[in-house]
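Letters go in sequence order (proteins before strands), and every chain restarts at 1.
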2 protein chains.
Amino acid sequence: MATIYQVSDLAGVSLATVSRVMNNNAKVSDKTKQKVLDAMKELGYRPNATARSLASNRSDSVGLLVPELHGPFFGQMMGGTESELRDAGKHVIITTGHSDVDKEVDGIEFLLSRNCDALILHVEAVSDEYLIELHKGKVPIVIINRYIEEMADRCITLDNALGGYLITKSVLEKGHREIAYISGPKWKDDSNQRIKGHKKALEEFNVPFNEQLMYQGDFTQTGGCDGLTSLLDAGIPFTALVCGNDEMASGVLATARQKGMDVPKELSVTGFDNIIYASLLFPTLTTIDYPIRQMGHMAAKLVLKEVYDKKKLEIRHQFIPKLVERNSAIIV
Amino acid sequence: MATIYQVSDLAGVSLATVSRVMNNNAKVSDKTKQKVLDAMKELGYRPNATARSLASNRSDSVGLLVPELHGPFFGQMMGGTESELRDAGKHVIITTGHSDVDKEVDGIEFLLSRNCDALILHVEAVSDEYLIELHKGKVPIVIINRYIEEMADRCITLDNALGGYLITKSVLEKGHREIAYISGPKWKDDSNQRIKGHKKALEEFNVPFNEQLMYQGDFTQTGGCDGLTSLLDAGIPFTALVCGNDEMASGVLATARQKGMDVPKELSVTGFDNIIYASLLFPTLTTIDYPIRQMGHMAAKLVLKEVYDKKKLEIRHQFIPKLVERNSAIIV
DNA sequence: TTAACATAGTTAAGCGTTAAACTGATGAAA
DNA sequence: TTTCATCAGTTTAACGCTTAACTATGTTAA
């Protein structure tokens, strides 16, 4: 691989001049610049990002940590972030945390050790304190999908409580009163916020919350399957089943079909997230739209603004969920 | 951030000794080693990967290029590759190509400029020649989902032709003779291989191939919607519709439902890939299983074997597709 | 006693850039 | 004509680490 040294040699100028042409951060005459560019082309020169980063302490790349690489949700988020940053000539380094403290910390350290200019984190296991501490360091942090008071200006969140409220309210408005709920893991904040919204809606309609109609799932399809089975086995009747996310709802739909239950006639089912295939399920899923792709975009914009001086970008910190009515929930 | 220098200072040894403790690649007495480790801990030392990589010309990270970050297919592939490499203490740097020559080249150059120890590529737009040329360079390349004779030992592929054959054969065996086909883009190799298999099956059953029952889609849901509409408009009757992939098939199912067609009674539909939600569609989709996650794993293993000297790993270059019969295709 | 040889550690030269400090030439103002 | 900026380039010291070459200090065996 050609180095800047060979380029400078061929062009008959000094190292520094080549560096200046590359970064165009100082005056270089057009004639000299052309000589350098020609030499670069001739040698097929490609700057060594590692050396650059070491010398300049920038890397033109942003670290992105997500729980998982697969799944409809994070794919959208990564896609949004990546496209925004790429348009700005920045690159993204993606790694995973698997919702595990050690792995999340490990991932963050990896990104830091790679000299990322900023970090965009979707972390679930690590503590608020850890993040606040991290935030005090010199690499800017953006948190997605989690709200931390002390660094509110670096958080991009969805109003999960509102979403939880809206979906349950829509079910209540259809006349349901016996409403079961399959939640996400209790230790996840978004999961709890959704439950909070759910309870608020119940309260508003004077429906007492029944702990026995609540099943704690894990946000996966299987969790939905198990949840439905468990709730049915408990023997307490319900006409609607609100799920903490779409993946669990899809599990519920599949299991219900297996058990010969007719959704929505015998049981109304709802989801949360509006993942890409929510409209392809049968019946099509009534859910809450989670604009995760836009949030991914916004996280990137926040980085562009804070780190790369794109001052005019407008940042929106909280996103609003919207009800999407389809066919899986009907009037009782 | 603490540097190796400060660690050596605190431990009262030289730079080199610290470096040796980190990499344990030379004899250091236990006593000295402990002093160094203590000093590291005290300073919260974290090695600077950039400097390391510049000095050693290794990076302990593998570049991964995929067309898109979202979508059920690539998510699985990335997940497989990442988990395998991570278990081996290696990291993955992911970037995208968007099936566009310039972007793919740009992505590859980015990965090269980051000093990746190897590249795993799922590229579609770049030419074979380009890849062969790349392969001659000093960074090892693994190609996933594309077969190139000249670098066959670096390709991990699925027998797409066999898959195409199997799915069409299964439809033929159900008695269908008027079979429409929605293909992927003509310029994608896997797309063509699937068509090839399709034709072979037709031939075997003495069913003439009818160009008018062929629609070229783009592997997206929308492509499936448009395809069905277009084929119906053409007015040539067909009892089965074979789709080049599951996403298009899901579009077909949705459109068919909209048009009031009963799948599978009026029309049998099949997909290809067996994406995560194929079993959640209604009707559940008969398709070809594409073990993309395992292939992602295998690509990682190939890298581990070739680059990181894990000699005993067994590599499998070609994967075999399997028919998955569900409810979207029935006897005519 | 000494040569031969490990062993444990140090020194210093890179790796490919950036960027601060410097040089020399040109030209305009005093 | 001198002075002082300005401009276009150069020199050189980092950046934080690895590693080849070297030194010092035993240890062993003849």
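- Here dC15(D) is the nucleotide among dT11(C), dC15(D), dT18(C) with the atom lying nearest to any side-chain atom of L54(A).
- Counting any heavy atom pair closer than 4.0 Å across all strands shown, N57(A) reaches no nucleic acid atom.
- Within the 4.0 angstrom heavy-atom criterion, only backbone atoms of the sugar-phosphate kind lie near T3(B); the bases stay farther away.
- Taking every side-chain heavy atom of I4(A) into account, dT17(C) is the closest of dA8(D), dT11(D), dT17(C).
- Across the interface with DNA chain D, nearest-nucleotide mapping of N23(B) and S56(A) shows S56(A) to be the residue nearer the 5′ end.
- Summarising the geometry, atom CZ belonging to R52(B) is positioned 13.0 Å from atom CG belonging to L54(B); distances are rounded to the nearest 0.5 Å.
- Side-chain contact, Y147(B) with D189(B): no donor N or O sits under 3.5 Å from an acceptor N or O.
- The 5' end of DNA chain C is approached more closely, in terms of each residue's nearest nucleotide, by A51(A) than by the other of R58(A) and A51(A).
- One interatomic measurement links the two molecules: CG of N25(B) to P of dC17(D), which rounds to 15 Å at whole-angstrom precision.
- Relative orientation of the F74(B) and H122(B) rings is perpendicular, given thresholds of 30° and 60° on the angle between their planes.
- Listed candidates were dC17(D), dA20(C), dA8(C). Nearest to the side chain of R20(A) is dA20(C).
- Distance R114(B) CZ to dC15(C) P: 21 Å, rounded to the nearest Å.
- Atom CG of L15(B) and atom P of dT18(D) are 10 Å apart (whole Å).
- Between the CE atom of M40(A) and the P atom of dT17(C) there is a distance of 9 Å, rounded to whole Å.
- When only modelled atom types and interatomic distance are considered, D38(B) and Q34(B) share a side-chain donor-acceptor pair under 3.5 Å.
- Nearer the 5' end of DNA chain C, as judged by each residue's closest nucleotide, is the contact made by V28(B), out of N48(A) and V28(B).
- Atom pair D60(A):CG and dT18(C):P shows a separation of 11 Å (rounding to whole Å applied).
- Comparing dA8(C), dT18(D), dT17(C) by their nearest atom to the side chain of R52(A) picks out dT17(C).
- At the heavy-atom level, S29(A) lies under 4.0 Å from the strands shown only through sugar-phosphate atoms.
- Among the nucleotides dA19(C), dT10(C), dG16(D), the one closest to any side-chain atom of A16(A) is dA19(C).
- The residue V13(A) sits close only to the backbone: its heavy atoms come under 4.0 Å of sugar-phosphate atoms, none of a base.
- One can place CG of N115(A) at 13 Å from C1' of dT17(C), the figure rounded to the nearest angstrom.
- Checked against dC15(C), dT17(C), dG9(C), the side chain of T17(B) finds its nearest nucleotide in dG9(C).
- Distance Y5(A) OH to dC15(C) P: 11 Å, rounded to the nearest Å.
- More than 12 heavy atoms of other shown residues, nucleotides or ligands fall within 6.0 angstrom of atom CD in E109(A).
- For dT18(C), one of the phosphate oxygens OP1 or OP2 lies less than 4.0 angstrom from a side-chain nitrogen or oxygen of S19(A).
- In this structure, the side chains of N57(A) and N115(A) come closer than 4.5 Å at one or more pairs of heavy atoms.
- One interatomic measurement links the two molecules: CG of D9(A) to P of dT10(D), which rounds to 12 Å at whole-angstrom precision.
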